[in-house]
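Notes to accompany the following structure.
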Number of protein chains: 2
Amino acid sequence: MSSSEDSMCRAAVDEALQTVGGKWSYDVISRLYYGPQRFNQLRRALGGITVKSLTDALRQLERQGVVHREVIPTYPVNVEYSLTEKGRDFRAVLFQMRAWGEKWLPGEKDEKAEG
Amino acid sequence: MSSSEDSMCRAAVDEALQTVGGKWSYDVISRLYYGPQRFNQLRRALGGITVKSLTDALRQLERQGVVHREVIPTYPVNVEYSLTEKGRDFRAVLFQMRAWGEKWLPGEKDEKAEG
DNA sequence: CCGGATCCGATGGGATACTG
DNA sequence: CAGTATCCCATCGGATCCGG
């Protein structure tokens, strides 16, 4: 495997960063792990997020193929958002982030193994 | 144990996001994996990064305990930056990001220089 | 109910000048 | 060499109005 390629590494990591980089990206993705949700359903779940912020976040995730957007032609229109396989697969990244964060969060760990 | 806590999950993931969230954070960390480096050494390695951007990135990483800053009182002053254990441990996160990114990057499926 | 359009304040990153 | 201080602009995120 490529062990010293910086450039291609960059692009791959960048893809992940764009996915969770936004302020609400993580929250949106987290909610969608519970299953498909409609727009205002997400809005309510995320508390004080504004329409534009949520739209932007969803559009970004959609462009990356992380989120799938399905329009259900009822009246009024219903739009359902769900995670794609790529999105579900992203759990591994979040999990790793969380593991690292919890391990090194300040103050939470008293035992400072001096090595 | 934390199996379904969203809030603490958030804090942990947030810690990771703050670490790589900045535009240059990833590049700085990557360079430091090669070993301790001085300020201008980093600057040159990172190409067109400005003084302020590099300073900001390093300060942020320093605050989080990811990077260690050591002043060597020579003349002129030398300052050496290196990764802490927390920083070195972050490789797992970057690795996971990279793995996911490479797996799902659009169209870039073909492998290069396969032995 | 979903979300596009627009204005606005906060923030981040870059360029330049100057200092210890 | 290693920054600090300052100004500037691009982008982000939020609020509001409006249309499908």
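Values reported hereafter were calculated over all heavy atoms of this structure, with side chains retained and with hydrogens, waters and symmetry mates removed. Since this is a predicted model, take the numbers as computed values, not measurements. In what follows, every chain begins at residue 1, and chains take the letters A, B, ... in the order their sequences are listed.
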Respond yes when some side-chain nitrogen or oxygen of Tyr81(B) is under 4.0 Å from OP1 or OP2 of dC1(D), and no when none is.
-> no

Quick one: Asn78(A) CG to dG20(D) C1', roughly how many Å, whole number?
-> 14 Å

Can we say Asp27(B) and Arg31(B) salt-bridge, meaning some charged N sits less than 4.0 Å from an Asp/Glu carboxylate O?
-> no

Find the distance Gln60(A):CD to dG4(C):C1' and express it as a whole number of Å.
-> 18 Å

Lys52(A) has its side chain closest, among dG14(D), dG14(C), dC2(C), to dG14(D)

Atom-to-atom span, CG of Leu58(A) to C1' of dC2(C) - whole angstrom | 11 Å

Can you figure out which of dC1(D), dG3(C), dG3(D) approaches the side chain of Phe39(B) most closely?
-> dG3(D)

Look at the aromatic rings of Phe39(B) and Tyr81(B) and report parallel, tilted or perpendicular, splitting at 30° and 60°.
-> tilted

Closest listed nucleotide, where the reference is the side chain of Thr50(A) and the choices are dG3(C), dA15(C), dG14(D) = dG14(D)

Rounded to the Å, how far apart are Ile49(A) CD1 and dG13(D) P?
-> 10 Å

Can you check the Arg43(B) CZ to dT16(C) P distance for me, whole Å?
-> 11 Å

Which nucleotide in the list dG14(D), dT4(D), dC2(C) gets nearest to the side chain of Arg59(B)?
-> dT4(D)

Classify the nucleic acid contact of Val77(A) as base, sugar-phosphate or nothing, counting any heavy atom under 4.0 Å across all strands shown.
-> sugar-phosphate

Looking for any heavy atom pair under 4.0 Å, which part of the strands does Val79(B) touch: base, sugar-phosphate only, or nothing?
-> sugar-phosphate

Return the 5'-most residue of the pair Gln41(A), Gly21(B) with respect to DNA chain C, ranking by each residue's nearest nucleotide.
-> Gln41(A)

Would you kindly say whether Asp56(B) and Gln60(B) are connected by a side-chain donor-acceptor distance under 3.5 Å?
-> no

Counting heavy atoms from C-beta on, name the nucleotide in dG14(D), dC2(C), dC1(D) closest to the side chain of Trp24(A).
-> dG14(D)

Could you state the CG-C1' distance from Leu54(B) to dA5(D), rounded to the nearest angstrom?
-> 17 Å

Value in whole Å for how far the P atom of dA2(D) lies from OH of Tyr75(B) | 13 Å

Among dG3(C), dC2(C), dT4(D), the nucleotide that comes nearest once only the side chain of Arg38(A) is considered = dC2(C)

Please tell me which of the listed nucleotides, dG3(D), dG14(C), dC1(D), lies nearest to the side chain of Lys23(B)?
-> dG14(C)

Between Tyr33(B) and Leu94(B), is a side chain to side chain contact (heavy atoms under 4.5 Å, CB included) present by the stated rule, with each step listed?
-> CA-CA 12 Å; Tyr33(B) 278 128; Leu94(B) 291 180; 3.9 Å; yes

Side chains of Leu83(A) and Val67(A) in contact at under 4.5 Å (non-hydrogen atoms) | yes

Whole-Å distance between dG13(D) P and Leu46(A) CG?
-> 14 Å

